[in-house]
Amino acid sequence: MATISRRAILKGGGAMVVSFAIGRQALAQARAAHTVDSFLAIHQDGSVTIFTSHVDIGTGISTVFRQVAAEELDIPVERFTVIEGDTATTPDHGGTGGSTGVPRGAADIRQAAATARRALLELAARRMNRRASDLTIEAGEIQASDGAAGVSIASLIGGKRFDLAVDPKAPLKQPSEYRIVGQPVLRADVPFKCTGRHVYLQDFSVPGMLHGRVVRPPTLGGELVSYDETAIRAIPDIKVIRIGNFLGVVAADEWAAIRAARELKVVWKDSRDLPGSDDLERYLRESPAADQVVVNRGDASGALSGAPKKFSAAYYWPFQSHASLGPSCAIADVTDAGITVWSASQGAFGLRAHLANVFGVAPENVRVIYMDGSGSYGTNGAEDAAADAVLLSRAARRPVRVQWMRQDEHGWDPKGPVQLLDVRASVDAAGNIAAWETEMWLPGGPPGERALAGPELAGMKQGHGQGAGLMTMNADPPYRAAHVRVVAHNLRETPLRLSNLRAPGKIANVFAVEGFTDELAAAARVDAVEYRRRSLDDPRALAVLDRAASMIGWRARPSPNPDAAQGNFRVGRGIAYLRYKQAENYCALAMEVAVERSTGRITVRRIACAHDCGLIMNPDGLRNQVEGNIMHTLSRALHEEVRFDQSKVISVDWVTYPVLRFPEAPPVEIALINRPDQPPYGAGEAASAPVAAALANAVFDATGIRLRRVPFAAERMKTMLARA
Amino acid sequence: MPNYSFRVNGKTVTVDSWDPDQPLLYVLRNTLGLHGAKFGCGMAQCGACTVLLDGGAARSCVTPIRHAAGRSVTTIEGLGTPENPNAVQAAFIAEQAAQCGYCTNGMIMAAQALLDRNPHPTLEQVKSALEGNLCRCGTHTRILNAVMRAARA
C-alpha cells in the first residue's frame, strides 16, 4: 500500500473522483498545485478506493469506512480499499484520535459516497432514459424500477474522468435503510496478521536502506562528552553519527547496528533535575500553575463552607507509558529534493508539518506515509522515531530505518500525564450530592508542537509544547447537583514529556468522580446503583446503568459487603458510570473482584459493560474496541506506573513496568445498546474511563478499603489490608 | 563468514552470520525475509518473537543462530496462509482475535506449541501457557476464545 503513488491510483483509466467541497475552479487550481483533496475514487473496473487521513492501527476503523461508503453507494464492501495517512495521496480531514474516526472521518467519507451516488444515478438516468428517482443501485449495478436492463457502475464510468466536489447536501440514506452499516463485516487485515503476511512498518524496507539505532544518554538530559569506537571496530560496516548530543549508529546489517549502539563506549555528563516519581503529589501541589475554571455552576465554595457535613478525598493517577508492544519505528529517506518518511504516526499531516518545521524543509517537500505499526493509543514514540530516522538518513545520505529498543520505548516515549485530584462534596439530608468541587493538578507547558527527542539531543531549535489532550472533561459528576465547581491547576512545567494516551484525563477524572460518588453512597448507606439512579434523569444513562447492574447480578445493598469473607479472599462488586466527554457515549461498567488477604492480590472475576454509542456501525469491531478499552485500562489500573529518579525513567522494560497478563484476564460480558436514531460516536476510548473506578469500588465493597491511588499493586494492597 | 544450516518451515536453509550470537529473529527477518516473528523487547519478556524450535515455543530474540544450527524452526508463515490458514490461525481469524496484531504471532505460536502437546487444554491451562505473551491492545478475551476454539476443533 505504502508505495502506491497517487498517479498510479488515478492515472489513465476512467474514474469518478470525489473531493473536498470546493468550487470547480478552486478544484482545478488545487489539482495544479498537487493539493490532495479526494476522499473517494470509483474506478472503471467497479472497485473503489477511499482516501483518508484517519488511520486504522488495529482499531478496525478502515472497515467502518468501507462500510459507510459501500452503504451509500450500494457497491459490495469487498470492492473497497482504503489508503490511509499518506500526505501525497490522502486528504487531511483530521488526525487519528479522540474517538473522531466515526463522527468525523466516517461522516466525511459517507458524504463523499452520497455525492458519488447521486452523480452515478444522474449519469445512469441519461444513459437509461429514466428519471434518477426511478433508479436504484444493487450490488454495484444501477437498476430501474420498471425492470429494464441494468447498467453496471463500471460501465457508466468507462474510460471517462468525473471530478466531483463533495456536496454537503447530497442525500444520505436513512439508518432504517442500512444493509451494510450495522453488520459485523470482518476486517480485511486479520487473515494476514494471523499468518505473518501483514506488512507492518517494522517489516518494510526500501532499496539501499541502512539500519539505524540511537545511542541514548543514560539520563534524560544528558550531555555527550566523548565516545570511543575501539570497542566496536570488529563489527562490520558501521558508521557512528554524532550531531550535538545526538549519537547514532547506522549499519547495513540490523544486528550490527544493535551491537554497535550497545557496545560503543560513551562518556556522558549526567543531568539530575527531575523530582522523582515517589513524591510527585507534593511536586504537583507546590509547582507554579495557571488556574483554569472548567465548570462553575451555582456557588460550590459557599455551599461547601456552610455545609454541616463535608466529605473530601484526594485521587492520584501516575504517569503512564503507551508502552507499545513493538517499539517505535520509522524509515526516512532524506535527499536534496526533500524528506520521505514511513511512519505509524496517528497523524501523518501533523508529523509532516512538525518535521518540516524542525528540519527547515518546505512542507510540500516532506511526504509522510502511514503504515500499520504496533498499537498506539495516542502519541507514542512514532514521531520521535521518525525524527531519529531523518537525522540519521540526512547524515548518512541513505534511507535509514530506525527501530527503538525496548528501553528506548519505555524510557523515552512521551508519557500520559500524572494527575492529582482533590474532590470535596456536601450532601443533603437524603445523602444526595448538594455541592461538589473538583480541583485538579496537571503537569503542562506551552502549547504547540512537542519537542522531538532526537532533535532535542541534537540541539535543534524546536517547539516545547506539552499538549496531552482534553484533560479536564468528565471531572464533574454527571449527577444532579446545584453547586458544582471544577478548577484545573495547569502547571507550567512537567518532569517528563507529555502526550495524549487513550481517553486523556477522562480516565483519572472518572476514577475520582465515580470513586468519590461511591464514597458518598457508602457514607449514606445507600446502594451504589440506587444512589446514582436517583440523581440521573437521562433515560440512556439509566439504561446502561441498569443493564450493567443486571448483567453482573447486582443485589441492592450498601457497601461494604457484609458477606465478603470467602476463605483467604474477600469478595465484592462495584460499578461506575459516565457519559464520555459529557456529550458522547454512555457507558456503565460493573465488576466482581476477589482480594486475597495474604498477598493483597486483586483478582477481577467478571466484568459486565453496557455501552451506548448511538448508531452502531459494526458490532464486532465495536465489541473488540470495548473489550480492548477494558483490558488495557485494567492493566493501567492494576499495574502501570512510570517510575523515575532524579535523572531518568527507571521502569524501562516489562519487568519494571508490569502489565496485565493472561492469568489475570477476566471474562467480559458486553451489552451493546444500538440507537439507530442517534448519531454514531467513536468507541476507542469511552469504555476505558469507568474501569479504574469500578475496580476501586469493588475492592471497597470487598474490603472496606478505599483505593485512591493507581496502580492497585498487590504490595500496596497488602499493606493496606494489614493496617485495616 | 561462518554459516549455519537448519530447517525452516520444512526446508533446509544455510545462512551466513558474521556473529554466531546473532539472534535467530534477525536471521529470520532480514536474511530469510520471514517477518512474522516480531521484535518486541529483545529480552524474552514479551513473546512477540516466538517461533517453534524443534516443536517447542522459543523466543527467537534470545536464541543465538548457533543454537539453531541443525535444528528445525517453524515460523507463523509455516503454519498456513491467508487463503489456507491452519486450525489455530483459522480460529484466530474466526474470533477476529487481533487489534494491532503485533503480538498475534507470539499468541498463535505459543498456542500452537501448547495444543501440540495438549490438544484439549482447560481455559486455565491456556492462560498459563500464554502468561509470557503480552498484549497491549487488550485483545485477551478474544485470544483466549480463539485458542479454546482451536482446542475444540
Side-chain angles (χ1 to χ4, degrees), chain A residues 57-60 184 186-187 189-200 202-203 211 235-236 253-256 258-259 322-327 372-377 403 405-406 620-621 624-625 627-635 653-655 659-663 665-668, chain B residues 17-19 21-23 26-27 29-30 34-43 45-46 48 75-83 85-86 88-90 92-93 96-105 108 124 126-144:
Chain A
I57 205 144
T59 60
L186 300 183
R187 279 166 47 183
D189 55 336
V190 171
F192 294 86
K193 287 179 172 175
C194 293
T195 52
R197 266 75 169 186
H198 187 77
V199 181
Y200 289 85
Q202 281 85 349
D203 306 327
H211 289 274
I235 302 174
D253 180 64
E254 186 175 16
W255 179 241
I258 293 168
R259 271 197 52 188
H322 280 257
S324 289
L325 191 77
D372 281 334
S374 176
S376 56
Y377 317 94
Q403 183 164 17
M405 303 305 286
R406 174 48 49 201
D620 190 62
N624 203 349
Q625 281 298 291
E627 288 167 3
N629 273 306
I630 293 170
M631 290 299 183
H632 182 200
T633 315
L634 194 56
S635 177
D653 57 27
W654 300 115
V655 174
V659 298
L660 189 81
R661 289 174 186 271
F662 274 95
V668 178
Chain B
S17 177
W18 61 274
D19 180 0
D21 287 331
Q22 173 167 202
Y26 299 102
V27 174
R29 292 177 55 83
N30 297 333
L34 295 167
H35 295 129
K38 298 283 185 276
F39 173 78
C41 66
M43 298 174 288
Q45 290 181 354
C46 77
T75 71
I76 191 166
E77 290 94 338
L79 298 186
T81 63
E83 300 74 31
N86 89 341
V88 178
Q89 292 170 321
F92 271 69
I93 295 166
Q96 294 278 289
Q99 288 188 44
C100 83
Y102 200 88
C103 73
T104 305
N105 167 71
I108 287 176
E124 293 314 308
V126 173
K127 286 182 175 182
S128 160
L130 296 179
E131 181 162 13
N133 288 78
L134 304 180
C135 166
R136 287 296 284 155
C137 298
T139 322
H140 302 75
T141 312
R142 285 177 180 232
I143 292 168
L144 293 173

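The chains referred to below are lettered A, B, ... by the order of the sequence lines, with proteins before strands, and numbering in each begins at 1. Everything quoted here is computed from the prediction, not taken from an experiment. The figures here come from the full heavy-atom set of this structure, side chains too, leaving out hydrogens, waters and symmetry mates.
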Among [options], which residue forms the greatest number of heavy-atom pairs with chain B at distances under 4.5 Å?
options: I235(A), L634(A), T59(A), V668(A); result: I235(A)
options: A665(A), G60(A), A323(A); result: A323(A)
options: Q625(A), H198(A), Q403(A); result: Q403(A)
options: S374(A), G375(A), P666(A); result: S374(A)
options: I258(A), V659(A), D620(A); result: D620(A)
options: R197(A), H632(A), K193(A), E627(A); result: R197(A)

Should the pair R259(A)-D253(A) be classified as a salt bridge under the 4.0 Å nitrogen-to-oxygen rule?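 Salt bridge: no.
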Closest-packed option against chain A by number of heavy-atom pairs under 4.5 Å, given [options]:
options: S17(B), A48(B), G40(B); value: G40(B)
options: G36(B), S128(B), G80(B), C46(B); value: G80(B)
options: H35(B), E83(B), K38(B); value: H35(B)
options: T141(B), N30(B), V27(B), I108(B); value: N30(B)
options: N105(B), T139(B), L144(B); value: L144(B)
options: R29(B), M43(B), K127(B); value: K127(B)

Identify which part of [X] has an atom lying under 4.5 Å from any heavy atom of chain A, answering side chain, backbone, both or neither.
X: D19(B); value: side chain
X: L79(B); value: neither
X: T81(B); value: both
X: Y26(B); value: side chain

Within-4.5 Å side-chain heavy-atom neighbours: [X] and [Y]:
X: F92(B); Y: T195(A); answer: no
X: H140(B); Y: L130(B); answer: no
X: S635(A); Y: R661(A); answer: no
X: F39(B); Y: M405(A); answer: yes

[X], part contacting chain B, at a heavy-atom distance under 4.5 Å:
X: R187(A); result: both
X: D372(A); result: neither
X: V655(A); result: both
X: I57(A); result: backbone

Taking R142(B) for its side chain and Q96(B) for its backbone only, find out whether a donor-acceptor pair lies under 3.5 Å.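 Yes; judged by distance alone, with no hydrogens or angles, the pair exists.
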Of the non-hydrogen atoms in C100(B) and Y200(A), which two are nearest, and what is the gap between them?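 Residues C100(B) and Y200(A), closest heavy atoms: O-OH, 2.7 Å.
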Residue pair G138(B) / C135(B): nearest heavy atoms and the distance that separates them: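 The pair with the smallest heavy-atom distance is N-SG, 3.4 Å.
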Once you round to the nearest 0.5 Å, how far does [atom1] of [X] lie from [atom2] of [Y]?
X: C137(B); Y: N629(A); atom1: SG; atom2: CG; value: 11.0 Å
X: R406(A); Y: L325(A); atom1: CZ; atom2: CG; value: 6.5 Å
X: S324(A); Y: R136(B); atom1: OG; atom2: CZ; value: 7.5 Å

Please state whether the rings of Y377(A) and H322(A) are parallel, tilted or perpendicular, taking 30° and 60° as the class boundaries.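 Parallel.
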